[in-house]
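As C-alpha cells, the structure follows; a few thoughts come after it.
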Amino acid sequence: MNMQAIKISGVSVKYRLPKQAIRSVKEYVVYRLKGGRYDYHEFWALKRVYIESARGKVIGIIGRNGAGKSTLLKVLAGVIKPIEGKVEINGRIAPLIELGAGFDPELTGRENTYLNGTILGCTNREMSQKMDQIVAFSELNEFIDAPLRTYSSGMVARLGFAIATDIDPDILIVDEILGVGDAGFQAKCAKRVEGFREKGVTILLVTHDLGQVGKMCDYVHWLEQGTVRAHGKPSEVVAQYRKFMAERA
Amino acid sequence: MCRFGGLLINLVYRDLTVRYKRSVIGFMWTLLNPVIMTAVYTMVFSTIFRFPTQDFIVYFLSAYLIWHFFAQCTVEACKCILNAGALVKKIYIPKIVLVLSVVISGIINFGFALIPLIFVVLIFGGGFSISILFLIAPVIFVVVFTVGVSLILASLTVFFLDVGEFYNALLMPWMFLTPIIYPMDIIPKEYLFLIKLNPMYYLVECFRTPIYQGTIPNISVIAISALVAIASLVIGYIVFTRAEDDFVYYV
C-alpha cells in the first residue's frame, strides 16, 4: 500500500468570533433594538496548509504559540471543519491530545472505558476484548470497578492513556511530551509510543521540545501564523526555527 | 454513524445510571412525577372543581404521560450539547448522538411510566380494548416530533444560552393550551382554533383515544399527527446539520 496515511491539501480555517459577547436572546434583542450591528472578528488560524505523510513516519510540527498547531490537530481529529481544502486520513486515528474525553466521575472505571472507547469509535464488543489489557496497562486492577470520582488524577490519566493507545491506531496524534503519571509510567508510555513506531504507526508529534523533534522525527513542518513557513529534515528546519526565534528575542 | 451505535447505548446507560445510582428508590423517581401530578390534578379538578369528565384519572394520565415525555426530553435536550462541551471541543463525535441519547432515555422512562397507567386503567377505567394495539403509532409520532423539536432547541441553546429558560417558561402555557386536564367540549367555539393550531393536541388525542374511548382515533387526527411529526423532524434535522459545524466555537 502506497497510500498516504495523512494528506492535508490546502487546508484553511477561518475563525469567526463575534465582536460582542452576546450569548442570550435577551441581550441580542436589546442590542438590536439599540441599533447595534452584529459582526465578527475574523482571522485565519490556518491558511493553505499542505502536509503529507507516508505510513509509519514520524512527523513533527513546531511553531510558536498561536501559530496554528492546535487548530491543525483539531482539523485532523475532525473537531473543526476547514472552510477550504481537504483532509484525508487513512486509518484509525488516536488523538492523545485529550485523554479520557467524556469521562464521567459517577461511572466506574470500567463503564468509562466503554464510554471513552466508543467515543473514539470502537464498538462495545471490541472494548470487551481489550478490557483486560487496558486494566493491566493502567495498573488500576481492582479499582477499575470503583467510581471515577474516587480516582487520583494520575489514575485517571493512566486509564485515559491506556484506552487511547489500546485501540490499535494507525495514526497517533501526540501533543507535547506525555506527562502522564510517575516516572515509571512515563517510561512505559514512551516505550509504547516507540513500539507503535516500530509497528509502522504514523505519528504526528506536536511539541516545543526541539531536542525531541531532532531525535524522533523523520520530517518536520514549521508553522508560523497559520502557514507552513518551512518543512524538511528535522536538523535543517529546527536550525531555521532557532535562528528565527533568536532574531526576535 | 452506525459505528457510533455503541456510543449511543453507553450515553443512554450513563444518563439512566447516573441519574438513579445514588438515590435510594432509584427508578421509582421516574414514576413519582406522573403519579403525584395525577393525584393532585385528580383531586383539584375531579373532586374540588367537579369536572364532568368521566374517569378523569384515566383521561388525565393517558394524556399527561405523552406530554411529560415530550416536555422532559425537550427540556433536557436544551442543555445536551453544552453539557457535552468538553467532548465537542476536543474530539469528533456525530453530535446528533447526544440529542438522540436524551430522547432514548426519555423513551425508557416513558416505558416505566406506563406501569401506573396500566393499573389506573384496570382499576378506574373500563379495561383495555383491542384498539390499544394502535398505540404504537402515536408513540412513534410523538417520538419523531420530540426528536425534531429537541434538535432545534439543542442547536439554538448553543448560540443563545437562555433559550432553555424561555422554553421552560413557555411550557406551562403550552400545557394548558393542550387538552390534557379539561375536555375539548368546554372550549368556547371562538377559541377552538387555538387548540387546533397546537400540534401537541393531535399527538395527545391520538394516544388517549384508544385508551380512554377504546376506539381508533379519527383519521384526520392520525394524519395531522403524522404530518406534524415528519415536519418537525425535517425542520429539526435541517437546522441541526446547518448549525453543528459551528458548535465547537460556542460551547
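Computation of the quantities below employed the complete heavy-atom set of this structure, encompassing side-chain atoms and omitting hydrogens, waters and symmetry-equivalent molecules. Protein chains get the first letters and strands the later ones, always in sequence-line order, with residue 1 at the start of each. Predicted model, so just to flag it, every value in this text is computed and none were measured.
Across all their heavy atoms, A:Lys74 and B:Lys89 have their closest contact at CE-O, 3.5 Å. Listed here is the closest heavy atom pair of A:Thr118 and B:Gly6: CG2-C, 3.7 Å. Looking at every heavy atom in both residues, B:Arg14 comes nearest to A:Leu107 through CG-CD1, 3.6 Å. For the pair B:Asn10 and A:Asn124, the tightest heavy-atom approach, listed with the atom from each and the gap, is ND2-OD1, 3.0 Å. Taking both residues in full, the closest heavy atoms of B:Tyr92 and A:Val79 are given as N-CG2, 3.8 Å, listed atom of the first, atom of the second, then distance.
Counted within 6.0 Å of NZ on A:Lys130, heavy atoms from surrounding residues, nucleotides or ligands total more than 12; the atom is thus considered enclosed. Around CZ of A:Phe143, the count of heavy atoms belonging to other residues, nucleotides or ligands within 6.0 Å does not exceed 12. By the 6.0 Å contact criterion, CE on B:Met172 is open, its count of non-hydrogen atoms from other residues, nucleotides or ligands being 12 or less. Summarising the local packing, CZ of B:Phe119 is surrounded by 12 or fewer heavy atoms from other residues, nucleotides or ligands at distances under 6.0 Å.
Neither the backbone nor the side chain of A:Ile93 comes within less than 4.5 Å of any heavy atom of chain B. Heavy-atom distances place both the backbone and the side chain of A:Lys26 under 4.5 Å from chain B. With a threshold of 4.5 angstrom between heavy atoms, B:Tyr249 approaches chain A through side-chain atoms but not through N, CA, C or O. Of the atoms belonging to B:Ile91, heavy atoms from both backbone and side chain fall under 4.5 Å from chain A.
One distance of note links NZ of B:Lys90 with CG of A:Leu73; it measures 14.0 Å at 0.5 Å rounding. Put simply, OG on A:Ser24 and CZ on B:Phe166 are 7.5 Å apart, with the number rounded to the nearest 0.5 Å. In this structure, the separation between CG on B:Asp162 and CZ on A:Arg23 is 10.0 Å, given to the nearest 0.5 Å.
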Would you check, one step at a time, whether the test side chain to side chain contact (heavy atoms under 4.5 Å, CB included) holds for A:Glu27 with B:Phe160? CA-CA 9 Å; A:Glu27 285 167 0; B:Phe160 297 108; over 6 Å; no
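Two residues are said to be in side-chain contact when any heavy atoms from C-beta on lie closer than 4.5 Å; A:Leu115 and B:Leu7 meet this criterion.
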